[in-house]
Trainee: 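Quick one: structure below, then a few questions.
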Amino acid sequence: MISLDTDEEIVRKVTEKWEKTNSFRFNIDSDKPVFSIDTPPPYINAIIHVGNAMDYIINDAIARLERLNGKEVLFPFGLDKNGLPIEVQVEKEYKVNILNTDREKFLNLCNELLKRYSNESKTAMIKLGISFNNFSFGDSIGDAYETDSNLFRSTTQQIFIDLWKKGYIYEDKKIVNYCPVCHTTIADSEVEYEEADTSLYRIKVLVDGTEKEIATTRPEMIPACVALVANTSDERFKGLKTAKMPITNASVPVIFDESIDKNFGTGLMMLCSYGDKHDLELIRKHGLQEKIIITEEGRIKNTSLRYDGMLIIEARKSIVEDLRSAGYLIGEEKIHSQHPICWRSKTPIEFIPEKEFYVKQKEFKEDLLSLSMKMKFYPESSRQILLDWINSIDQDWPISRTRYYGTEIPLWKCMDCGEYLFVEDGKYHQPWKEPYPNGTCPKCGSKNIVGEKRILDTWFDSSGTNMFIAGFMRNNSFFDRAYPVSVRIHGKEIVRSWTFYSLLKSYILRKEVPFKEVVVHFHVVDQKGEKMSKSKGNTVTAIDALKSIPPDAFRLWVFLSGNPLEGDIRFSQDKINEAKRIINKVKNLAKFLSQFEYAETKEIGDFDRMVMEYFNWIYNSILEDFNRYDFFSGLLRLKNFLINVFADHVVELRKSALYRGEKPPAYVLNYILKNSLILMNPLAPFTSDYLFDVLFRSDINKEKFELKEPEADHSQIIEKIVELDSSIWKYKKDHGLSLNSPIESFKLDKELVGYKDIFSDAHKVKSWSV
RNA sequence: GGGCCCAUGGUCUAGCGGUUAUGACGUUGCCUUCACAUGGCAAAGGUCGGGAGUUCAAAUCUCCCUGGGCCCACCA
């Protein structure tokens, strides 16, 4: 009997083999059909926690599945290096402020810091056995890429220019979502809502000489008040004209609008520029003059009062004090409400006017909805997330950001005629420090040209990964073959950003879907079913988890605890232990069967043939599950068969025949093991790769999934066999007989008559009663 | 306010009109059985969230309610 390596050794040997033989390299010249997977590039220094790990494990299961399905799988590793996180970290570590640091110097600090990052995410991917085409960075199809490389950024810029030329990008000054901490405009998709208890203040206001009350959660906005609003049909406020505001003593009109809820607060609303989006709508609708009192740093301005310069929260406290001491504050109640925050910094956003570049999207809603119907969603119900989002769009996508570390907007502006200029040489450009390459303005001949300083929204970059990996701009013939990308797999929370923006771009540029399939998964929650979050301290990093859990056990756990496409899965020790046991069982099964020769033979007896046909049937149905990306059901089926039927009964029943050196059972049982290992490969690649090599002396990565024939659903008979086998074991045990001692007679189900010799052989039963 | 999803022993889960309602984990008891104590055997534990309806027959189909989860939306 062979002896097997320890789990650690297996992982080490297999990892080494994959690396040495370049097992998963993408071969662009292959004539196999291409299957492409666009994975979410992890942030360079992001800690890969178990939830991210699950995402990559699902990605990888699909990559390995499709390889076994005979596809040439394009599965490149990407690393995200753009955007805010690096800038924030630079500010913290080098104790600088982006607002008063020279841009060149700041970018150098970013690069310096990026170099120091250990790239832990890559280490985690290797440990998890994610079969990316290549872990080294390069410009060829399938190579690992970085989103701040010149190639990636020039691709993004080219996409920008394409959109600009076609008139899909415009510049406009509008009220935007502004994050005072990130100092930049953010898109609606970057706005999150946080539930919190806030105070609703009831404040006395003099309206046409009589006292009325307003209710507000943001008293600091009183100086920005431009009107009071009541419902058109609200009798209480009918005919009112002018209000005198406390604190500022300003006179504002009373206006009426249907959108006001008579029952909320006092029924009389303070309209400010801008407290929220509703304010924006009303001010536009009623043609009021805005009064902006919030700066880009989130401080108060333009009040000509002592609040100028204060942070919003400080101003709120001060104004409440002033209202109280002046007798205007009537009441304060706690209410539970949701307020908008920035997804990165988690601070409340403000609404202020800024001039930004926009990508048109409002006018394409219908087309985007119909394109959404052309992608296949797993599970089907997740399509609704995208449809809901598209339906809720009410403004275009602001894509310019006043930050430094990102892809520069590739435009220059002629200061004389105002024309925006660009070049189409396919190179990466930094207009803020680079003179306009063509020298003079083609429109007016002016030399007075200034480069654009802003960069692009990170989502403008990331939403092009599908085009990038398929070779957009650098290999057009391949791009035509590989686009749309086959599948994108990611969590529910980024449907409205990653999926949506990719769809938008693909629609505008090519009028086609960005990928054929979308797989949307749920999340990992902790042992008690609670969401993992840093603040709760219940997060677990992948690297930590892998210290005590072999990677295959970890990977099996993902598909063992429930279907991650249908619900959250718990990070539970019990399930992980179960996964470990399954792997151990398979290893032992392999160890046992390795003693007997795997040699094809035609002389197969009825019992072995029946078992083989039944296995073929199971195999085909597992394949069917897998091809629906339902690894959960497939694994459940495989586990039940392999352990509860195959190991416990079939192998036990055939043991004596095997020990006698009979060839057919040795062949059939090894055939089942061999094919089970192939089935396990997408889920537990280390163990299956290793055992396949040890037992069958060949590379599992060269195998192919093929429907088996003949197949037959013998589950009824199998059930009876399991039942009889168990009852004989139980009988012997109950009668104190050793397991190889003979039995005079036993009752046999008439459907099992044909297999009675098998039972006689295994249990030494001398005669049967039917 | 609108929408989507879910509800089966302590936990997870199978079930897709007729089953004594799967299986696993956990619990308890017994077993050093020759691949595997990361093993084997056995036991306890569920009126399938509640109600009504369709049907000869409902965990399974329909409706309502309740309780969870998620998403969207301008509640000041």
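Chain identifiers are assigned alphabetically (A, B, ...) following the order of the sequence lines, protein sequences preceding nucleic acid strands; residue numbering begins at 1 within each chain.
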Trainee: Looking only at the side chain of Glu578(A) (C-beta and beyond, no hydrogens), which of the listed nucleotides A24(B), A76(B), A14(B) gets closest?
Mentor: A24(B)
Trainee: With rounding to whole Å, what would you report as the distance between U27(B) and G67(B) at their P atoms?
Mentor: 34 Å
Trainee: Which nucleotide, A35(B), G23(B), C36(B), lies nearest any side-chain atom of Asn584(A)?
Mentor: C36(B)
Trainee: In the strands shown, is A14(B) matched to any nucleotide by a Watson-Crick or G-U wobble pair with both distances under 3.5 Å, and which?
Mentor: none
Trainee: Establish, yes or no, whether the cationic atom of Lys655(A) lies under 6.0 Å from the six-membered ring centre of Tyr659(A) and within 45° of the ring axis.
Mentor: no
Trainee: Can you tell me how far P in A59(B) sits from the matching atom in A76(B), rounded to whole Å?
Mentor: 46 Å
Trainee: On RNA chain B, nearest-nucleotide positions of Gly267(A) versus Lys580(A): which is more 5'?
Mentor: Lys580(A)
Trainee: In whole angstrom, what separates Asn644(A)'s CG from G39(B)'s P?
Mentor: 12 Å
Trainee: Measure CZ/Arg654(A) against P/C34(B) and give the value in whole Å, please.
Mentor: 21 Å
Trainee: Counting just side-chain N and O atoms, does Arg581(A) come under 4.0 Å of either OP1 or OP2 of G26(B)?
Mentor: yes
Trainee: Taking atom P in both U60(B) and A21(B), compute the distance separating them and give it to the nearest angstrom.
Mentor: 14 Å
Trainee: Within this structure, what is the NZ-to-C1' distance between Lys585(A) and A37(B), rounded to whole angstrom?
Mentor: 11 Å
Trainee: Select base, sugar-phosphate, or nothing to describe what Phe632(A) touches, counting heavy atoms under 4.0 Å on all strands.
Mentor: sugar-phosphate
Trainee: For Tyr274(A) and Phe351(A), I'd like to know if the aromatic rings sit close, meaning centre-to-centre distance below 6.0 Å.
Mentor: no
Trainee: Distance check: side-chain N/O of Lys655(A) vs OP1/OP2 of U33(B), anything under 4.0 Å?
Mentor: no
Trainee: Distance check needed: C6(B) P versus Asn563(A) CG, whole Å only.
Mentor: 12 Å
Trainee: Check the pair Arg654(A), Glu662(A) against side chain to side chain contact (heavy atoms under 4.5 Å, CB included), reporting the backbone distance first and the verdict last.
Mentor: CA-CA 10 Å; Arg654(A) 302 305 281 141; Glu662(A) 290 183 20; 4.1 Å; yes
Trainee: From the set A73(B), A76(B), G3(B), return the single nucleotide nearest to any side-chain atom of Ile260(A).
Mentor: A76(B)
Trainee: From the options A14(B), U11(B), C36(B), select the nucleotide whose nearest atom is closest to the side chain of Leu636(A).
Mentor: A14(B)
Trainee: Is a donor from one side chain sitting under 3.5 angstrom from an acceptor on the other, for Ser715(A) and Asp713(A)?
Mentor: yes
Trainee: Report the base-pairing partner of A58(B) (Watson-Crick or G-U wobble, both distances below 3.5 angstrom), or none.
Mentor: none
Trainee: Nearest of G23(B), A76(B), A35(B) to any side-chain atom of Leu589(A)?
Mentor: A35(B)
Trainee: For C63(B), give the paired nucleotide (Watson-Crick: N1-N3 plus N6-O4 or O6-N4; G-U: N1-O2 and O6-N3; both under 3.5 Å), or none.
Mentor: G51(B)
Trainee: Base, sugar-phosphate, or nothing for Lys492(A), non-hydrogen atoms under 4.0 angstrom?
Mentor: sugar-phosphate
Trainee: Does Phe646(A) have Lys585(A) sitting over its ring (NZ/CZ under 6.0 Å from centre, angle to axis within 45°)?
Mentor: no
Trainee: What is the separation between atom CH2 on Trp557(A) and atom P on U38(B), rounded to the nearest whole Å?
Mentor: 23 Å
Trainee: Looking at side-chain heavy atoms only, is the closest gap between Leu271(A) and His286(A) below 4.5 Å?
Mentor: no
Trainee: Would you indicate what Ala590(A) reaches in the nucleic acid, counting non-hydrogen atoms under 4.0 angstrom: base, sugar-phosphate, or nothing?
Mentor: nothing
Trainee: RNA chain B: Phe646(A) or Leu271(A), which has the more 5' nearest nucleotide?
Mentor: Phe646(A)
Trainee: Could you tell me which nucleotide pairs with G1(B) by Watson-Crick or G-U wobble geometry, both distances under 3.5 Å, or answer none if nothing does?
Mentor: C72(B)
Trainee: Indicate whether any N or O donor in one side chain lies under 3.5 Å from an N or O acceptor in the other, for His490(A) and Asp55(A).
Mentor: no
Trainee: Which of the following nucleotides, A76(B), C25(B), G23(B), is nearest to the side chain of Asp574(A)?
Mentor: C25(B)
Trainee: How close or far is atom P of A24(B) from atom CG of Leu642(A), stated in whole angstroms?
Mentor: 15 Å
Trainee: Hey, is the side chain of Lys730(A) pairing donor to acceptor with the base of C41(B) inside 3.5 Å?
Mentor: no
Trainee: If you check every side-chain atom of Asp648(A), which of A24(B), U38(B), G40(B) has the closest atom?
Mentor: G40(B)
Trainee: If you measure from the P atom in G69(B) to the same atom in U13(B), how many Å do you get, rounded?
Mentor: 16 Å
Trainee: Could you check which of U38(B), U33(B), A35(B) has an atom nearest any side-chain atom of Tyr659(A)?
Mentor: A35(B)
Trainee: So, OP1 or OP2 of C12(B): does either fall under 4.0 Å of a side-chain N or O from Arg570(A)?
Mentor: yes
Trainee: So, OP1 or OP2 of A76(B): does either fall under 4.0 Å of a side-chain N or O from Arg218(A)?
Mentor: no
Trainee: Rounded to the nearest Å, what distance is computed from the CG atom of residue Leu560(A) to the P atom of nucleotide A14(B)?
Mentor: 12 Å
Trainee: Measure centre to centre between the rings of Tyr667(A) and Tyr598(A), then say whether the value is under 6.0 Å.
Mentor: yes
Trainee: Distance between the P atoms of G18(B) and C70(B), in whole angstroms?
Mentor: 35 Å
Trainee: Quote, to the nearest angstrom, the P distance that separates C5(B) from G10(B).
Mentor: 28 Å
Trainee: Sticking with atom C1', work out how far G17(B) lies from A58(B), rounded to a whole angstrom.
Mentor: 7 Å
Trainee: Provide the distance between the two C1' atoms, one in U20(B) and one in U47(B), to the nearest whole Å.
Mentor: 15 Å
Trainee: Mark yes or no for whether Asp625(A), through its side chain, and Asp630(A), through its backbone, hold a donor-acceptor pair below 3.5 Å.
Mentor: no
Trainee: Quick one: Asp526(A) CG to C12(B) C1', roughly how many Å, whole number?
Mentor: 15 Å
Trainee: Could you let me know what G39(B) is paired to, Watson-Crick or G-U wobble, both distances under 3.5 Å, or none if it's on its own?
Mentor: C31(B)
Trainee: Would you indicate, yes or no, if C72(B) has its OP1 or OP2 atom less than 4.0 angstrom from a side-chain nitrogen or oxygen of Arg496(A)?
Mentor: yes
Trainee: Reckon Glu652(A) touches a base, only the sugar-phosphate, or nothing at all at heavy-atom distances under 4.0 Å?
Mentor: base
